[in-house]
Each structure stands twice: as structure tokens, then as C-alpha cells.
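Notes for the one structure printed next.
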Amino acid sequence: MSQHEDCIFCKIANHVIESNYVYEDDLVAAFRDMSPLAPTHVLVVPKDHYEHIADAVPAETIAAMVHAVDEVAKAEGIDHSGFRVVANAGDDAGQAVHHLHFHVLGGHRLGDDFA
Ligand code: 5GP
Ligand code: ZN
């Protein structure tokens, strides 16, 4: 496992700091965003640290993240109504936390913007 000492998502994904978890397995954790933009707003993050989606993320980790999205959608009851997955990378995307994460948004009709 490779974590960064001062990274909040490394801490949450590895239970150094506890959060509101929706799903977890060996490679990823999913927990509720602290500032939700939709009725369901869950963050899916790998337990190892990667800066963003283009940081040489192993295929196994990407697959685990996609599996977690599926599990979250089912657990939240939005698998049939629909949902959005967003991965911000870098400054122009407004990435605020520099640890790879998927936003899973749903539970109401999403706008043309982020949520
Ligand atoms: P970004 O802009 O990097 O794609 O999104 C970062 C997201 O992480 C934001 O939606 C923000 O509300 C959320 N966030 C930041 N710090 C924490 C935290 O400590 N706990 C939780 N649950 N969410 C956080
Ligand atoms: Zn991290």
C-alpha cells in the first residue's frame, strides 16, 4: 500500500480518519461527500494514492473503482433512475483534493453542469 502522509483521502480510505462509508473492499472505499451536490453524492477512492485518473493507475484499481460505482448505485437505489460519474483532473477541472476520486451523483434530475 502506498499512502501520502498529508492526504485526507488516504486517511479516510484507510480508516485513519473515519467517514460515512457506503461501500468498501480491499482496493477502494466509497463514502459520502461532506458537501453533497445531489441527494446521492458519494466519492469512490482507491486505498493507494494516485494524483488523478491519468497517474498510471493499475487496471485492477480502475476495475475495482468501477465495481464500487455499481455497488454504490445499487445500495443508493439509483441504479435504475440514473446517475453521473465525474473524475476531475488538474486545475482547469477544479480538482481540489489531489487523490484520485470518482464523484457518484444521483437521486434527482441532474443539470447540464456538474450536478
Ligand atoms: P474535487 O473538486 O477534488 O473533484 O472534489 C473534492 C470533493 O471532496 C468535494 O466535493 C468536497 O466536498 C469533498 N471533500 C473534501 N474533503 C472532504 C472530507 O474530508 N470528507 C469528505 N467526506 N468529503 C470531502
Ligand atoms: Zn492520497
Provide the full list of side chain to side chain donor-acceptor pair (under 3.5 Å) pairs with a residue in residues 73-83, sequence neighbours left out, each pair given once. Arg32-Glu76, Thr40-Glu76, Asp70-Lys74

Does the separation of the ring centres of Phe31 and Phe9 fall below 6.0 angstrom? yes

Answer yes if Val85 and Leu37 sit in the same cluster of Ile, Leu, Val, Met, Phe, Trp and Tyr residues linked by side chain heavy atoms under 4.5 Å apart, and no otherwise. no

Just verifying a value: how many Å separate Asn14 CG and Glu24 CD, rounded to the nearest 0.5 Å? 8.5 Å

Checking side-chain contact (heavy atoms from CB on, under 4.5 Å) for the pair Phe102/Ile53: CA distance, chi angles, key distance, verdict? CA-CA 9 Å; Phe102 287 166; Ile53 193 75; 3.8 Å; yes

From Ile62 CD1 over to Leu100 CG, what is the distance, rounded to the nearest 0.5 angstrom? 6.0 Å

Is Asp55 reaching over with its side chain to a backbone N or O of Val57, donor-acceptor style, under 3.5 angstrom? no

Minimum-distance pair of heavy atoms, taken over all atoms of Gly106 and Ile78: CA-CD1, 4.1 Å

So which atom in Arg84 and which in Asp113 form the shortest heavy-atom distance, rounded to 0.1 Å? NH1-O, 2.9 Å

Ignoring hydrogens and angles, tell me if any N or O in the side chain of Asp48 forms a donor-acceptor pair with the backbone of Ser2 under 3.5 Å. yes

Please step through side-chain contact (heavy atoms from CB on, under 4.5 Å) for the pair Val45 and Ile12, ending with a clear verdict. CA-CA 9 Å; Val45 314; Ile12 292 174; over 6 Å; no

Mind checking whether Leu43 and Leu105 sit in one hydrophobic cluster, side chains of I, L, V, M, F, W, Y counted as touching below 4.5 Å? no

According to a hydrophobic-cluster definition based on side-chain heavy atoms being under 4.5 Å apart (Ile, Leu, Val, Met, Phe, Trp, Tyr only), do Met65 and Tyr21 belong together? no

Donor-acceptor contact below 3.5 Å, side chain Lys11 vs main chain Glu5: yes

Would you call the rings of His99 and His49 parallel, tilted or perpendicular, where under 30° means parallel and over 60° means perpendicular? perpendicular

Does a donor on one side chain sit under 3.5 Å from an acceptor on the other, for His4 and Glu51? no

So which atom in Asn88 and which in His52 form the shortest heavy-atom distance, rounded to 0.1 Å? O-CB, 4.4 Å

Working note: Val42 + Asp33, criterion side-chain contact (heavy atoms from CB on, under 4.5 Å); need CA distance, chi angles, decisive distance, verdict. CA-CA 5 Å; Val42 171; Asp33 196 292; over 6 Å; no

Can you name the closest pair of heavy atoms from Gly90 and Gln95 and give their distance? N-OE1, 2.8 Å

Would you call the rings of Phe114 and His41 parallel, tilted or perpendicular, taking 30° and 60° as the class edges? tilted

Side chain of Asp25, backbone of Leu27: donor and acceptor closer than 3.5 Å? yes

When you measure from the side chain of Tyr50 to the backbone N and O of His101, does any donor-acceptor pair fall under 3.5 Å? no

